[in-house]
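A short write-up of the structure that comes next.
Just so you know, these numbers come straight off a predicted model, no measurement behind them.
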Amino acid sequence: MRGRIRLPRRIAGQIAILVVAAIVATHVALTLAFLLLRPDIRRVEDRPGALANRLATVIRMVAAASPGERPALLAAAGQGSAGPRFALLTPGQAPAGATAPDGVVVPGGAPHPGQEVEELRRVLGPDWTVEGFGRAGEGDDRPARLVVRGESLALAADLPPRPDRPPPLTGAILGTLLFLALSLTLLSVWAARALTAPLARLAGAAEAFGTGMDLAPLPEKGPEEVLAVSRALDRMRRRVKGLIDDRTHMLAAISHDLRTPITRLRLRAEFLEDEGLRAQFLRDLDQMNALVEAALSFVRDGRTREGLALIDLASLVQTVCDGFADVGEAVRAEALRPALVRGAPDELQRALTNLIENAVKYGGSAAVRLQVALHEVAVEVLDEGPGIPEGEQAAMLEPFVRGDRARTEAGGFGLGLSIASAIAQGHGGRLTLANRHPRGLAARLALPRAAAAPPGRAA
């Protein structure tokens, strides 16, 4: 757009402009505060010797003028509300209680020494005598009247009291600095968030890609470096999705191609006359078929799909536990209460089934509990088995990894926990393992909570 200011596209340039703008804003604020408050500029009358110099100038001008011009000069010099008032005295007139020609009464009492008297004597020189009488005002140490006599001139200068001084500027300065610091802090925080918001959006998109294969467009706003990273991540997402799709298609093709020879071998095994040999052949073929199905399930499960529904996790847990109890397994559900999550019912049921199967297979029984937090719902499957060494627990969530201790006695392909972990990650959750004391294992499947649980109890 014509006339629009264009900021630098690189982060370095934007940060440099931010720092320069903050410094300029600081100096402008301090300059305005100085000009408005002016803490180091005092009134002219408050400067040392300023009043004495002004009075000396007026006195010399009046002394140099003719007697007829003096009243007019004194009247002109006394104009203004804050300046001293002058009155001519007749030569030899007594200073105490005397009346000047204009009717001004010279205050009586002893002379009042002061800094103004000394300064005016020093400026006028030894040919003049200066005396002060009275006080200018309450809290003002200056004399109220200065009487100056020379060889051919005598006059009185009436000093007005000092105007009320403004309150100390310390509070104003502190308030200004506090406001300045707060403003700069808010400005810096806002600017920093504006600069890092594209990075936060990019990180969120990368995190969402880690838990699903949706290819929503990445944000293309921000500095040039962020745009470059966004485009590179978008290309990487497409390549990763292509690799995963190729792997899925390859395993599906292998499964389809293997089913045919497995079926032929199963038919041929039926014609074997040796019962023991035929049973061994059929057992191996069943294991091969189960391995192919497990591999396909691992690739298929845990991938984000559209149309996810709200699920009462307590009802789903109760359904899975009832299925195991119906076939005589020692599985019980404890402390269930309604909690909603968003996900695919079939996948979550598969994950819970795998965890409970492992608990029954390696521990003989399973206790399933539901823990509901503010933003998270967790299903804990507890068994009384030998557990898993802590150094091997992370590896047990990898595909085709089986433990090397008592938990491997029941066989398996090492895909049950891997499938459950993939399903949890596909729903934005996680699967963790922890040993119990004195024995047993706790598998914890945590999922994001979708909404507040409805009132009532789980079915």
Does a salt bridge link [X] with [Y], judged by any charged N lying under 4.0 Å from a carboxylate O?
X: E118; Y: R121; value: yes
X: R238; Y: D234; value: yes
X: R436; Y: E384; value: yes
X: E376; Y: R444; value: yes

- Excluding sequence neighbours, so at least two apart, what forms side-chain hydrogen bond (donor to acceptor under 3.5 Å, both in side chains) with R439? none

- Could you list the residues that satisfy side-chain hydrogen bond (donor to acceptor under 3.5 Å, both in side chains) with R342, not counting sequence neighbours? none

So, taking the atom named [atom1] in [X] and the one named [atom2] in [Y], what distance separates them when rounded to the nearest 0.5 Å?
X: D326; Y: E329; atom1: CG; atom2: CD; result: 11.0 Å
X: L243; Y: M236; atom1: CG; atom2: CE; result: 11.0 Å
X: L370; Y: Q318; atom1: CG; atom2: CD; result: 10.5 Å
X: S365; Y: R332; atom1: OG; atom2: CZ; result: 6.0 Å
X: R85; Y: D158; atom1: CZ; atom2: CG; result: 8.5 Å

Heavy-atom donor-acceptor pair, [X] side chain to [Y] backbone, under 3.5 Å:
X: Q425; Y: R430; answer: no
X: N435; Y: I388; answer: yes
X: D383; Y: G440; answer: no
X: H427; Y: A446; answer: no
X: S421; Y: L397; answer: no

Could you check whether any side-chain heavy atom of [X] comes within less than 4.5 Å of a side-chain heavy atom of [Y], counting everything from C-beta outward?
X: R266; Y: D286; value: yes
X: L55; Y: P84; value: yes
X: L352; Y: L316; value: yes
X: I423; Y: R350; value: yes
X: R449; Y: V341; value: no
X: R278; Y: F271; value: no
X: L265; Y: F281; value: no
X: L348; Y: L447; value: yes

- L267 and R264: side chain to side chain contact (heavy atoms under 4.5 Å, CB included), yes or no, with the steps? CA-CA 5 Å; L267 292 175; R264 288 200 301 264; 5.7 Å; no

- Query: Do L340 and L313 pass the side chain to side chain contact (heavy atoms under 4.5 Å, CB included) test, and can you show the C-alpha distance, the side-chain angles, and the key distance before you say yes or no?
  - Reply: CA-CA 6 Å; L340 297 181; L313 194 57; over 6 Å; no

- Message: Walk me through whether Q371 and V377 qualify under side chain to side chain contact (heavy atoms under 4.5 Å, CB included).
- Response: CA-CA 6 Å; Q371 296 180 348; V377 181; over 6 Å; no

For the residue pair [X] and [Y], what are the closest heavy atoms and their distance?
X: A52; Y: L120; answer: O-CD1, 3.6 Å
X: L417; Y: L431; answer: O-CD2, 3.8 Å
X: A359; Y: A366; answer: CB-CB, 3.6 Å
X: P386; Y: Y362; answer: CD-O, 3.5 Å
X: V368; Y: C321; answer: CG2-SG, 3.7 Å
X: Q349; Y: T353; answer: O-OG1, 2.7 Å

- Message: Can you tell me if E390 has over 12 outside heavy atoms packed within less than 6.0 Å of its CD?
- Response: no

- Between the side chains of Q280 and D284, is a donor N or O closer than 3.5 angstrom to an acceptor N or O? no

- Task: Please report the C-alpha distance between E270 and L282 in whole Å, then the side-chain angles of each, then the deciding distance to 0.1 Å, and finally whether the side chain to side chain contact (heavy atoms under 4.5 Å, CB included) criterion is met.
- Result: CA-CA 9 Å; E270 295 293 338; L282 294 176; 3.9 Å; yes

